[in-house]
Number of protein chains: 2
Amino acid sequence: MKAFHEYKNPSLAVDLVVFGYHDNTLSVLLLNRKEEPFKDQWTLPGGFLQMEETLRDTCARILLTKLGMKEVFMEQLYTFDDPARDPRGRVIAVGYYALINPSKFGIVAGTMANDVKWFDVKQLPVLGFDHQQIFEAALQRLRSKILYYPVGFELLDELFTITELHELYECILQMKLDRRNFRRKILDAGYIVNTGTKREGLKNRHPELYKFNKHLKKNSFHISTPEQE
Amino acid sequence: MKAFHEYKNPSLAVDLVVFGYHDNTLSVLLLNRKEEPFKDQWTLPGGFLQMEETLRDTCARILLTKLGMKEVFMEQLYTFDDPARDPRGRVIAVGYYALINPSKFGIVAGTMANDVKWFDVKQLPVLGFDHQQIFEAALQRLRSKILYYPVGFELLDELFTITELHELYECILQMKLDRRNFRRKILDAGYIVNTGTKREGLKNRHPELYKFNKHLKKNSFHISTPEQE
DNA sequence: ATTATTTCGCGTCACCTTAACGCTAAGTAA
DNA sequence: TTACTTAGCGTTAAGGTGACGCGAAATAAT
């Protein structure tokens with residue numbers, strides 16, 4: 001057997017799919033590359049692992065230094081290892097996705113550097129590397145996870161109405177959900193708590209404001225999707 | 001930004017959780033290490049990625065050369081990156097799990113080298129590295145996957161009875177499932193096809209033999225687990 | 001004020017799934 | 001034959017879910 005250090009190692013990177021929700025639109029944060037390869041093309045933010053970092057540290061560093069975000073929800077997705085995925089050489093990428101509330105960081109349209117931009121997930125440009133594949137894995141994970149786990153709260157303000165939560169679900173899942181059944185399921189699951197306050201200033205009836213219930217019992221609800229043949 | 005090759009890279013390895021099912025027992029294949037670190041302790045089979053390999057290639061190579069298995073079901077689990085997980089230095093491990101039918105490879109108890117052994121998942125020894133954690137992730141994945149995806153067939157012979165399939169599910173999930181309801185769900189889902197033949201030589205009524213239906217429609221069944229508080 | 005309009009919150013009901021369980025058939029052993 | 005065990009099919013009551021009705025609350029127009 002070879003000695004431990006004789007193995008040649010590929011480079012190890014993380015690539016991040018950063019989701020944000022704003023104005024009834026689910027968006028992904030993309031970077032316009034200034035270098036080859038894929039110069040002037042849009043790609044996911046990413047970077048190489050430093051020897052003393054965990055993968056999560058690497059993600060946090062990228063989020064903070066490149067995008068000015070901290071303390072965001074993050075989850076490991078999958079590890080992408082196609083030998084040809086990076087034309088510079090062998091690079092293994094561990095994909096992560098993050099959910100952020102853009103309004104928390106003041107990064108809404110227009111306020112960012114022009115090499116960083118939110119794209120509606122329904123209208124993505126052509127992406128460099130294998131980032132289309134990583135993005136699709138992330139969107140699929142988000143869609144399946146939201147059906148049984150309260151992951152959507154990361155995308156909303158601390159206080160929100162059931163209608164806002166409902167719109168978020170319809171937007172992510174890209175399907176209509178009955179308003180009244182959605183309300184019943186979410187409430188029965190105990191995912192949210194009524195704060196007693198109401199959202200003011202709307203032109204119709206003022207809806208009650210809820211917050212996420214952090215002490216929920218798990219696996220207590222399930223949003224069902226239509227049959228697929 | 002640094003040039004591409006200036007980054008120091010950790011070593012990249014795969015660790016394999018190989019599940020086998022035999023005599024109503026779910027087992028995992030472990031190796032007794034002959035070298036430091038963790039000399040004489042049990043660990044998961046694993047190995048380092050070669051530059052021209054995919055991760056799946058690495059897994060296949062380990063399965064073939066160390067264990068004599070080929071063409072097995074395999075799935076990527078998760079990537080483990082604790083900086084202290086390997087005392088020799090920084091090693092990132094991509095966990096995979098595999099499902100095999102031990103009788104296909106003639107590796108039942110006693111026929112293997114004494115540094116390779118099947119262990120009942122309920123009675124594992126102390127494992128080296130962070131392999132306990134990897135094993136637990138694999139078992140959890142298997143348990144949740146079997147509830148909605150026909151993954152159990154990899155562990156059985158090509159032809160099997162519903163009772164055998166039922167016992168496999170009870171063994172993996174570690175819970176009682178009503179025999180008659182299980183039968184109905186599996187049949188309704190179209191996961192299995194009756195072959196018309198029967199298992200002979202049993203002392204009671206001879207059950208019908210089924211085989212896996214490869215042309216199944218997806219997401220068509222769901223085994224529910226009892227409520228958890 | 002009254003009315004129109006829209007969203008919000010609660011309730012109803014029919015249908016389907018599911019868990020629990022009964023019953024008979026098929027095979028072996030006494 | 002009888003006893004016993006596993007296999008295969010059926011029944012039923014309870015709970016969950018989808019579809020949808022209706023009045024309440026808020027605003028704007030008459």
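Here is the naming used below: chain letters follow the sequence lines, and residue numbers restart at 1 for every chain.
A:Phe160 places its CZ atom 14 Å from the P atom of C:dC8, with the value rounded to the nearest Å. Per the geometry, CD1 belonging to B:Ile186 stands 15 Å off P belonging to D:dA7, to the nearest Å. Rounded to an integer number of Å, the gap from CD of B:Glu200 to C1' of D:dA7 is 14 Å. Atom-to-atom, CD1 of B:Ile162 to C1' of D:dC9 comes out at 11 Å; the value is rounded to the nearest Å. Atom CZ of A:Phe182 and atom P of D:dA19 are 16 Å apart (whole Å). If you measure from atom CE of A:Met175 to atom C1' of D:dG18, you get 14 Å, rounded to the nearest angstrom. Residue B:Asp188 contributes atom CG, which lies 12 Å from atom C1' of D:dC9 at whole-angstrom precision. Taking atom CZ of B:Arg180 as the reference point, atom C1' of D:dT6 lies 12 Å away to the nearest angstrom.
Applying the salt bridge (charged side-chain N to carboxylate O under 4.0 Å, His left out) test to every pair with at least one member in residues 20-30 of chain B, sequence neighbours left out, gives no pairs at all. Under the side chain to side chain donor-acceptor pair (under 3.5 Å) criterion, the residue pairs touching residues 59-74 of chain A are A:Glu53-A:Arg61, with sequence neighbours excluded. The stretch residues 154-169 of chain A participates, sequence neighbours left out, in these salt bridge (charged side-chain N to carboxylate O under 4.0 Å, His left out) pairs: A:Glu164-A:Arg199. The salt bridge (charged side-chain N to carboxylate O under 4.0 Å, His left out) contacts involving residues 137-153 of chain B comprise B:Glu75-B:Arg141, B:Glu75-B:Lys145, where partners must be two or more places apart or lie in separate chains.
The only member of B:Val72, B:Thr58, B:Ile100, B:Leu29 that meets side chain to side chain contact (heavy atoms under 4.5 Å, CB included) when paired with B:Leu63 is B:Val72.
B:Thr163 comes within contact range of the sugar-phosphate backbone alone, with a heavy-atom separation under 4.0 Å but no base atom that close.
Shown here are the salt bridge (charged side-chain N to carboxylate O under 4.0 Å, His left out) partners of B:Lys176, two or more places apart in sequence or in another chain: B:Glu170. Residues that satisfy the side chain to side chain contact (heavy atoms under 4.5 Å, CB included) test with B:Gln41, not counting sequence neighbours, are B:Phe38, B:Val126. Taking A:Arg85 as the reference, A:Asp15, A:Asp130 meet the salt bridge (charged side-chain N to carboxylate O under 4.0 Å, His left out) condition, with sequence neighbours excluded.
Ranked by how close their nearest DNA chain D nucleotide is to the 5' end, B:Arg184 and A:Leu202 are led by B:Arg184. Nearest-nucleotide positions on DNA chain C place A:Asp178 closer to the 5' end than the other of B:Arg179 and A:Asp178.
For B:Asn181, whose side chain is taken as the heavy atoms from C-beta onward, the closest listed nucleotide among D:dC9, D:dT17, C:dA19 is C:dA19.
Between A:Phe19 and A:Tyr97, the ring planes are perpendicular. Angles over 60° get that label, and only those under 30° would be called parallel.
Listed by residue number, the members of residues 204-212 of chain B with any heavy atom below 4.0 angstrom from DNA chain D are B:Asn204, B:Arg205, B:Pro207, B:Glu208.
Residue B:Lys185 places at least one side-chain N or O closer than 4.0 Å to OP1 or OP2 of C:dA19.
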Return the polar atom pairs (N/O with N/O) between nucleotides 14-16 of chain D and the protein under 3.5 Å, or none.
none

